[in-house]
Amino acid sequence: LFGEEESGFAFPPAQERPAAYLLGLERAAVGFYLSGHPSAQYLDRADADCVFVSDAAAQPEGRAFSLMAQVTAFRLHTAKSGALMAFAQAEDGTGTTELVLFPDAYARTGRLAEGEVYSLRARLSKKGGRTSLVCEGAAKAQTLPQHGVSTLYVKVQSNDAALINA
């Protein structure tokens with residue numbers, strides 16, 4: 001059983017699964033993400049005014065900001081005017097929030113796909129004792145350009161050749 005003999009059987013090499021797939025399995029097995037959140041891989045594409053979901057309620061009322069979050073639920077609703085509007089639930093690694101897409105915003109963005117990560121443009125609204133995030137626009141995170149710097153050049157001026165060649 002544990003001798004030097006080999007059976008001749010070998011497992012074929014397996015390809016690494018995509019991170020999103022592995023995170024999905026993790027969430028299905030445990031009920032939440034342990035090793036990361038799908039939105040985290042897109043933070044280098046976030047706007048400069050991007051905040052985490054846990055910090056959204058602390059933003060000044062009426063000021064626009066962005067969130068990088070995964071949509072986990074989406075439902076349509078008919079407004080009093082008869083136009084379509086929507087409610088969405090979104091999360092990042094810090095928390096979950098509900099978004100309201102009024103008819104004009106829904107007409108611009110369309111349906112947000114559940115499980116997809118979006119850069120969401122929103123503003124805080126406090127009406128009737130209720131705090132909500134009003135979504136004004138959305139873009140799929142994977143379509144956004146990366147903002148990260150890959151190369152940094154520094155120009156140093158010196159008359160001392162020994163310092164430059166060191």
**Message:** Running the 4.5 Å side-chain criterion over Ile, Leu, Val, Met, Phe, Trp and Tyr, what cluster does V134 land in, apart from itself?
**Reply:** M85, F87, V100, F102
If you look at every heavy atom in [X] and [Y], which pair is closest and at what distance?
X: Y118; Y: A138; result: CD2-CB, 4.1 Å
X: S125; Y: K127; result: OG-CG, 3.8 Å
X: A56; Y: V51; result: CA-CG2, 4.3 Å
X: A69; Y: L120; result: CB-CD1, 4.2 Å

Side-chain donor/acceptor of [X] to backbone N/O of [Y], under 3.5 Å:
X: E26; Y: L34; value: yes
X: E114; Y: F74; value: yes
X: R108; Y: E136; value: yes

**Prompt:** Taking everything shown except R17 itself, do over 12 heavy atoms lie less than 6.0 Å from its CZ?
**Reply:** no
**Request:** Report the residues that fulfil side chain to side chain contact (heavy atoms under 4.5 Å, CB included) with A107, sequence neighbours left out, ordered by chain and then residue number.
**Result:** none
**Request:** Kindly write out the residues that satisfy side chain to side chain contact (heavy atoms under 4.5 Å, CB included) with L144, not counting sequence neighbours, or none if the list is empty.
**Result:** R45, M68, S119, A139
**Request:** I would like to know whether R123 and L133 meet side chain to side chain contact (heavy atoms under 4.5 Å, CB included); could you show each step before the answer?
**Result:** CA-CA 6 Å; R123 62 181 168 77; L133 292 181; over 6 Å; no
Contact between [X] and [Y] at the side-chain level, heavy atoms closer than 4.5 Å - yes or no?
X: Q142; Y: V117; answer: no
X: L23; Y: S35; answer: yes
X: D92; Y: L67; answer: no
X: K126; Y: L124; answer: yes
X: V71; Y: E116; answer: no
X: E91; Y: H37; answer: yes
X: V53; Y: T96; answer: no

**Sequence neighbours excluded, every pair satisfying salt bridge (charged side-chain N to carboxylate O under 4.0 Å, His left out) that has a member inside residues 52-64** = none
**Request:** Could you walk me through whether Y33 and Q70 pass the side chain to side chain contact (heavy atoms under 4.5 Å, CB included) test, one step at a time?
**Result:** CA-CA 12 Å; Y33 297 108; Q70 181 183 40; 3.3 Å; yes
**Item:** Contacts of type side chain to side chain donor-acceptor pair (under 3.5 Å), residue S66, not counting sequence neighbours
**Value:** D49
**Prompt:** Applying ring pair (Phe, Tyr, Trp, His ring centres under 6.0 Å), which residue pairs with at least one partner in residues 44-68 are found, sequence neighbours left out?
**Reply:** none
